[in-house]
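Scroll down for the structure; my scribbles are underneath it.
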Amino acid sequence: MIAKEARTEVLPEVLPLTKNKTWSKVWSFRHIYLFMLPAFIWYLVFCYYPMYGILIAFKDFKYNLGILGSPWEGLRYFEQFLSDSSFYSVLYNTLSISAIKLVFGFPAPLILALMLNGVMHGRIKRIFQTISYLPHFVSWVVVVTLMQKILSPNVGLINDIRDHMGLDPIFFMGKPELFYPLVVISDIWKGVGWGSIIYLAALTNIDPHLYEAAEMDGAGRWSKLFKITLPCLTPTIGILLIFSLSGVLNAGFDQIWLMQTPATLGVSEILDTYVLKTGIQQGQFAYSTAIGLFKSAISLLLIVLVNKVSKKVSDVSLW
């Protein structure tokens, strides 16, 4: 009885102290929470609240009835998309563009970072870094407009040179066989500098004593690259590779939409452009929402699967 009475006397004193200590700790970080508030509101309004619209994918949406009042259709639109004749071509184009970008575009920032890291003169290094970063801040509208001006069959620089050489002009932007090379080259040019920032930051964290010890053992530049640099960059490469593989259904809407022409429609129609055309231009909101939800579900499955495989193979994972 004495022990119980002592315990009941202590608890009322401890709990208020703990609660006050927690609130005082929260209050001490109030400036950080206030700084995070705009980002929290942005995600809440533009990312989480629109999830309410996913219901359209399972309903026969009617304007006068609204989302909740429209009748349920179940998985009708998903079955319609999977049985559509354009499903395989759209999925094939999306995976093809993403795979080519992954093969040629993923190693490009790493190679650029290694090259910049090997430049000993600091001023030259900063100049090249600045030049490589600049295209990232140029919108795809400007980039594609420049490509159209340079590759135009009438007034383009390339065709002017061909004309002076006595060759016939080529409509580069209208040739299906040239669409993928142009997509990959422009994507690398625009993003290689910005993508190298992460690798450059990882390179600065490598212990310089490792290189000194390797030089004392007679290791050359290539030996240090393959035995020190790349192994130390493996976690960074693994994380970025997981993100890239999980986003194979995101072939780059802005770029593809702007570069797309009627002549290249057969090789340039991807999931994102197909959703926009069916949803906005044709007014099939429920059908296009179902396609977007299908894409999101596959992307979620891919990131979980790739993360699990990466964790088993190399112990590199997101969680």
Side-chain angles (χ1 to χ4, degrees), residues 84-109 111-112 115 127-128 130-196 244 247-284 288 291 295:
D84 193 341
S85 59
S86 59
F87 166 73
Y88 293 102
S89 62
V90 170
L91 185 61
Y92 175 79
N93 293 338
T94 304
L95 294 176
S96 298
I97 294 174
S98 297
I100 295 174
K101 282 185 176 182
L102 185 64
V103 171
F104 294 98
F106 182 79
I111 295 173
L112 178 62
M115 293 172 63
I127 291 173
F128 275 100
T130 304
I131 294 174
S132 64
Y133 296 163
L134 286 178
H136 172 76
F137 301 99
V138 180
S139 67
W140 275 114
V141 177
V142 177
V143 173
V144 176
T145 302
L146 289 173
M147 292 175 62
Q148 291 173 347
K149 296 296 182 182
I150 295 173
L151 303 176
S152 172
N154 299 321
V155 294
L157 175 64
I158 303 300
N159 280 302
D160 282 346
I161 297 174
R162 290 179 60 86
D163 183 60
H164 284 84
M165 296 174 62
L167 301 174
D168 296 330
I170 299 176
F171 185 22
F172 292 95
M173 302 291 290
K175 284 187 169 294
E177 63 272 17
L178 296 179
F179 183 78
Y180 287 174
L182 291 176
V183 166
V184 173
I185 292 172
S186 59
D187 183 72
I188 292 176
W189 176 79
K190 191 175 186 300
V192 65
W194 187 257
S196 64
S244 299
V248 293
L249 296 182
N250 297 318
F253 167 75
D254 295 342
Q255 179 190 19
I256 304 301
W257 177 258
L258 294 168
M259 293 181 63
Q260 197 175 75
T261 61
T264 61
L265 195 60
V267 296
S268 63
E269 191 73 288
I270 60 175
L271 283 171
D272 290 332
T273 58
Y274 185 73
V275 167
L276 180 66
K277 291 176 181 177
T278 56
I280 303 299
Q281 296 181 355
Q282 300 178 14
Q284 302 180 43
S288 60
I291 299 173
K295 174 191 166 185

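Scope of the values below: all heavy atoms of this structure, side chains included, with no hydrogens, waters or symmetry mates.
Taking CE from M259 and OG1 from T273, the interatomic distance works out to 13.0 Å, rounded to the nearest 0.5 Å. Atoms OG and CG, from S244 and N250 in turn, are 11.0 Å apart once rounded to the nearest 0.5 Å. Separating the CG atom in N93 from the CD1 atom in I270 is a distance of 8.5 Å, to the nearest 0.5 Å. Here the CG-OG distance, from L112 to S196, works out to 4.5 Å after rounding to the nearest 0.5 Å. For the atom pair CZ (F106) and CD1 (I111), the distance works out to 11.0 Å, reported to the nearest 0.5 Å. The structure places CD1 of I256 at 9.0 Å from OG1 of T264, a figure rounded to the nearest 0.5 Å.
Side-chain atoms of T278 and Q282 include no donor-acceptor pair closer than 3.5 Å.
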Handout entry: From CA spacing to verdict: side chain to side chain contact (heavy atoms under 4.5 Å, CB included), I280, V275
Key = CA-CA 8 Å; I280 303 299; V275 167; over 6 Å; no
Problem - Verdict with supporting geometry, I158 and I150, side chain to side chain contact (heavy atoms under 4.5 Å, CB included) - result: CA-CA 6 Å; I158 303 300; I150 295 173; 3.9 Å; yes
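When all heavy atoms of V267 and I97 are compared, the pair lying nearest together is O-CD1, 4.1 Å. Pairing each heavy atom of S288 with each of G279, the nearest pair is OG-CA, 3.3 Å.
At least one donor-acceptor pair under 3.5 Å links the side chain of T94 to the backbone N or O of L271.
S268 is linked by a side-chain hydrogen bond (donor to acceptor under 3.5 Å, both in side chains) to Q260, counting only residues two or more places apart in sequence or in another chain. For D84, the side-chain hydrogen bond (donor to acceptor under 3.5 Å, both in side chains) partners are S86, Y274, Y287, not counting sequence neighbours. For K295, the salt bridge (Lys or Arg N to Asp or Glu O under 4.0 Å) partners are D272, not counting sequence neighbours. Taking the side-chain contact (heavy atoms from CB on, under 4.5 Å) definition, one finds that Q281 meets it with W257, K277, sequence neighbours left out. Judged as a side-chain hydrogen bond (donor to acceptor under 3.5 Å, both in side chains), and not counting sequence neighbours, the contacts of Q255 are K101, S186. In this structure S152 satisfies the side-chain hydrogen bond (donor to acceptor under 3.5 Å, both in side chains) test with no other residue, sequence neighbours excluded. Listed by chain and residue number, nothing satisfies the salt bridge (Lys or Arg N to Asp or Glu O under 4.0 Å) test with K149 (two or more places apart in sequence, or in another chain).
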Validation: residues 131-146 side-chain donor-acceptor distances under 3.5 Å, sequence neighbours left out:
from: S132; atom 1: OG; to: F128; atom 2: O; distance (Å): 3.1
from: S132; atom 1: OG; to: Q129; atom 2: O; distance (Å): 2.8
from: T145; atom 1: OG1; to: V141; atom 2: O; distance (Å): 2.6

Without placing hydrogens or testing angles, list every side-chain donor-acceptor pair under 3.5 Å for residues 162-179, not counting sequence neighbours.
from: R162; atom 1: NE; to: D168; atom 2: O; distance (Å): 3.0
from: R162; atom 1: NH2; to: D168; atom 2: O; distance (Å): 3.0
from: H164; atom 1: ND1; to: D160; atom 2: O; distance (Å): 2.7

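Contact of the L249 side chain with the L95 side chain is registered, since non-hydrogen atoms from C-beta on lie closer than 4.5 Å.
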